[in-house]
Colleague: 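Below: one structure in structure tokens.
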Amino acid sequence: MTRLADRIIVFVRKTIILSATLYLASCSSIPPQARHDLIGTGRSDLIACAGVPDNREVLPDGEVLEWRQDAQVQGPLTIKTPLSFELDVGGHGTCHLVARLRQGRVTQIEYTGPSATLSGPYAACRPLVLACEKRRKGDG
């Protein structure tokens, strides 16, 4: 019976690890997907889902809009001890979403800033584009 219990424990651990890995991957996969999905989006639709941009630069051939996520997005693994010792394994990140528009439509999306966390390289950018992705898929 102990062998069966050991197998069940191993199976449960593997399932938890796989689930956590898939969840963390989904957090960082939304910004790269949005980089492609938002191309062709109209200016008013972009502002409706991403919010009012923090910066705007008018160019001869269009404009550049920038949204800033400057609050540190903390990774999901922080270890605290009773002696006020804190170890953050996840990392912190910020993100700037830069959208280039021509004739009122998105032609390019880029992300800047130190956005790497334990959740992935673009996890800090996720809040900036999540509503746009949900809206595009009909979830929001």
Side-chain angles (χ1 to χ4, degrees):
M1 193 70 151
T2 6
R3 255 188 127 146
L4 179 60
D6 289 342
R7 283 184 172 174
I8 291 172
I9 290 171
V10 168
F11 175 76
V12 169
R13 284 182 183 166
K14 286 181 180 181
T15 303
I16 290 171
I17 290 170
L18 178 62
S19 298
T21 302
L22 291 175
Y23 172 75
L24 292 176
S26 71
C27 289
S28 64
S29 67
I30 290 174
Q33 185 65 40
R35 179 180 276 154
H36 301 287
D37 293 345
L38 293 178
I39 301 299
T41 302
R43 184 182 194 280
S44 58
D45 288 336
L46 181 64
I47 291 172
C49 66
V52 177
D54 296 303
N55 292 312
R56 175 180 180 247
E57 183 67 33
V58 178
L59 304 172
D61 62 343
E63 67 180 321
V64 173
L65 303 177
E66 178 189 37
W67 289 263
R68 302 172 68 94
Q69 168 59 40
D70 287 329
Q72 293 284 320
V73 176
Q74 188 169 354
L77 187 56
T78 300
I79 301 168
K80 296 180 181 180
T81 66
L83 300 173
S84 297
F85 176 74
E86 187 174 322
L87 176 64
D88 177 24
V89 182
H92 296 273
T94 62
C95 182
H96 299 168
L97 163 65
V98 181
R100 183 180 184 97
L101 287 82
R102 288 196 177 121
Q103 297 178 347
R105 298 239 172 246
V106 175
T107 59
Q108 181 181 3
I109 296 286
E110 297 297 334
Y111 304 107
T112 63
S115 61
T117 69
L118 188 62
S119 298
Y122 296 109
C125 302
R126 185 176 187 265
L128 295 173
V129 294
L130 184 60
C132 293
E133 278 297 288
K134 282 184 174 183
R135 180 177 176 168
R136 187 190 70 77
K137 292 178 181 177
D139 296 340

Colleague: Can you name the nearest heavy-atom pair linking Ser29 to Pro32, along with the distance?
Modeller: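 Answer, listing the atom of Ser29 first, then Pro32: O-CD, 3.3 Å.
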Colleague: If the condition is side-chain contact (heavy atoms from CB on, under 4.5 Å), which residues does Leu128 pass it with, not counting sequence neighbours?
Modeller: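 So Leu128 forms a side-chain contact (heavy atoms from CB on, under 4.5 Å) with Trp67, Gln69, Cys95, Leu97.
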Colleague: Can you hop from Ile30 to Val98 via hydrophobic side chains spaced under 4.5 Å?
Modeller: no
Colleague: For the atom pair CZ (Arg100) and CD (Glu110), what is the distance rounded to the nearest 0.5 Å?
Modeller: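 Rounded to the nearest 0.5 Å, the CZ-CD separation comes to 11.0 Å.
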Colleague: Any link between Tyr111 and Ile39 through a network of hydrophobic side chains (Ile, Leu, Val, Met, Phe, Trp, Tyr) touching at under 4.5 Å?
Modeller: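 Shared cluster, yes.
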Colleague: Ignoring hydrogens and angles, write down the donor-acceptor pairs under 3.5 Å from the side chains of residues 40-54, residues two or more places apart or on other chains.
Modeller:
residue	atom	partner	partner atom	Å
Thr41	OG1	Leu38	O	2.8
Arg43	NE	Glu63	OE2	2.5
Asp45	OD1	Arg135	NH2	3.4
Asp54	OD2	Arg68	N	2.6

Colleague: Checking Arg35 now: which residues fulfil side-chain hydrogen bond (donor to acceptor under 3.5 Å, both in side chains) with it, not counting sequence neighbours?
Modeller: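 For Arg35 there are no side-chain hydrogen bond (donor to acceptor under 3.5 Å, both in side chains) partners, ignoring immediate neighbours.
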